[in-house]
Structure formats: C-alpha cells, structure tokens
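Accompanying notes for the structure given below.
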Amino acid sequence: QVQLVESGGGLVQAGGSLRLSCAASGLSFSSYGMGWFRQAPGKEREFVAAINWSGGTTAYVDSVKGRFTISRDNTKNTVYLQMHSLNPEDTAVYYCGAPRRYIATRNRDDYGYWGQGTQVTISS
C-alpha cells in the first residue's frame, strides 16, 4: 500500500530554516505530482506547495513564496520542502500528500494519500 513518511520537523527560532523530507513507497512515484500542506491548531489543513512529476513545475501559497522551495528526487522517491526565514505563523503540522489522479493541485480533496505529519514549531 501507499506509504508517505515525513521527517525533518522541529523547533527553531524565528528567521531559521528547516528542510522537510517525505519518502514515498507503494506508488509509481515518478508518475505523481506531490504536495505539501500544513495544519495549525484549530485551523483547516491548507495548501503550501506542489510539484509536478518531473519537478519542472511548482506552485506555492502566497505566504511562503520566496521563502519555501519544493523539490523532488525521483531516484530516491522523496519530495522535499526547504523552508527559510521561518516565522511563528509557519508553526503547524506539515503533511505531504499524493493525489488520487497523479496531478498535484491546491485542493486537499484531490489527495488520496497522506503521511503522518511532522511538527514544525517556530519560536519568536
């Protein structure tokens, strides 16, 4: 079955950086776009970034543009989220997702597979 395993979260000070990883198995990874979402306490899960199957096309929510970079390594079945200039508003559980129909979108309802999430906490 499909498994997505996130890692790399932690506690950092405002202005710091983190790199999240999501290792995928049980699917033809290089055929799938992938997405990163996050969920803060009391809020809905929101789109953060997406990448197409080849890595040639990416998309970001406005609040992270210029600070976060999504990338992938199809030889390692892994998608990454490099995060810089972190601020307390970035505090959330970060999830990677694989869509039901190969195309990664901004809509969480299009995703059929999720990891367990990794906590990112930014202190001020």
*Is there a path from L86 to L11 through hydrophobic residues (I, L, V, M, F, W, Y) whose side chains come within less than 4.5 Å of each other?*
no

*Donor-acceptor pair, R106 side chain versus Y60 backbone, under 3.5 Å?*
yes

*side-chain contact (heavy atoms from CB on, under 4.5 Å) against D109, all qualifying residues, sequence neighbours excluded*: N107

Would you tabulate the side-chain donor-acceptor contacts of residues 30-37 under 3.5 Å, counting partners in other chains and residues two or more places apart, or write 'none'?
{"from": "S31", "atom 1": "OG", "to": "S28", "atom 2": "OG", "distance (Å)": "3.2"}
{"from": "W36", "atom 1": "NE1", "to": "Y80", "atom 2": "O", "distance (Å)": "3.4"}

*Does a donor on one side chain sit under 3.5 Å from an acceptor on the other, for E89 and T91?*
no

*Measure across Y94 and L81 and return the closest heavy-atom pair with its distance rounded to 0.1 Å.*
CD2-CD2, 4.1 Å

_R101 charged N/C atom sitting above Y111 aromatic ring, 6.0 Å / 45°_ = no

*Please collect all side chain to side chain donor-acceptor pair (under 3.5 Å) contacts where either partner lies in residues 47-59, sequence neighbours excluded, each pair once.*
N52-S54

*Would you please say whether a donor-acceptor pair under 3.5 Å links the side chains of D110 and T105?*
yes

_With a 3.5 Å distance limit and no angle check, can you tell me whether E6 reaches the backbone of C96 through a side-chain donor-acceptor pair?_
yes

Identify all side-chain donor-acceptor contacts of residues 14-25 below 3.5 Å with residues at least two apart in sequence or on another chain.
{"from": "S17", "atom 1": "OG", "to": "H84", "atom 2": "ND1", "distance (Å)": "2.7"}

Residues 40-49 side chain polar contacts: donor-acceptor under 3.5 Å, at least two apart:
{"from": "E44", "atom 1": "OE1", "to": "R108", "atom 2": "NH2", "distance (Å)": "3.3"}
{"from": "E46", "atom 1": "OE2", "to": "R38", "atom 2": "NE", "distance (Å)": "2.7"}
{"from": "E46", "atom 1": "OE2", "to": "R38", "atom 2": "NH2", "distance (Å)": "3.3"}

*Common cluster, V5/Y95, ILVMFWY with side-chain heavy-atom separation under 4.5 Å*: no

Distance-only donor-acceptor pairs under 3.5 Å for side chains of residues 64-71, two or more places apart:
{"from": "K65", "atom 1": "NZ", "to": "D62", "atom 2": "OD1", "distance (Å)": "3.1"}
{"from": "R67", "atom 1": "NE", "to": "S63", "atom 2": "O", "distance (Å)": "3.4"}
{"from": "R67", "atom 1": "NH1", "to": "S85", "atom 2": "O", "distance (Å)": "2.9"}
{"from": "R67", "atom 1": "NH1", "to": "D90", "atom 2": "OD2", "distance (Å)": "2.8"}
{"from": "R67", "atom 1": "NH2", "to": "S63", "atom 2": "O", "distance (Å)": "2.9"}
{"from": "R67", "atom 1": "NH2", "to": "D90", "atom 2": "OD1", "distance (Å)": "3.0"}
{"from": "R67", "atom 1": "NH2", "to": "D90", "atom 2": "OD2", "distance (Å)": "3.4"}

*Could you state whether Y102 and Y113 fall into the same hydrophobic cluster, counting links through intermediate Ile, Leu, Val, Met, Phe, Trp or Tyr residues with side-chain heavy atoms under 4.5 angstrom apart?*
yes

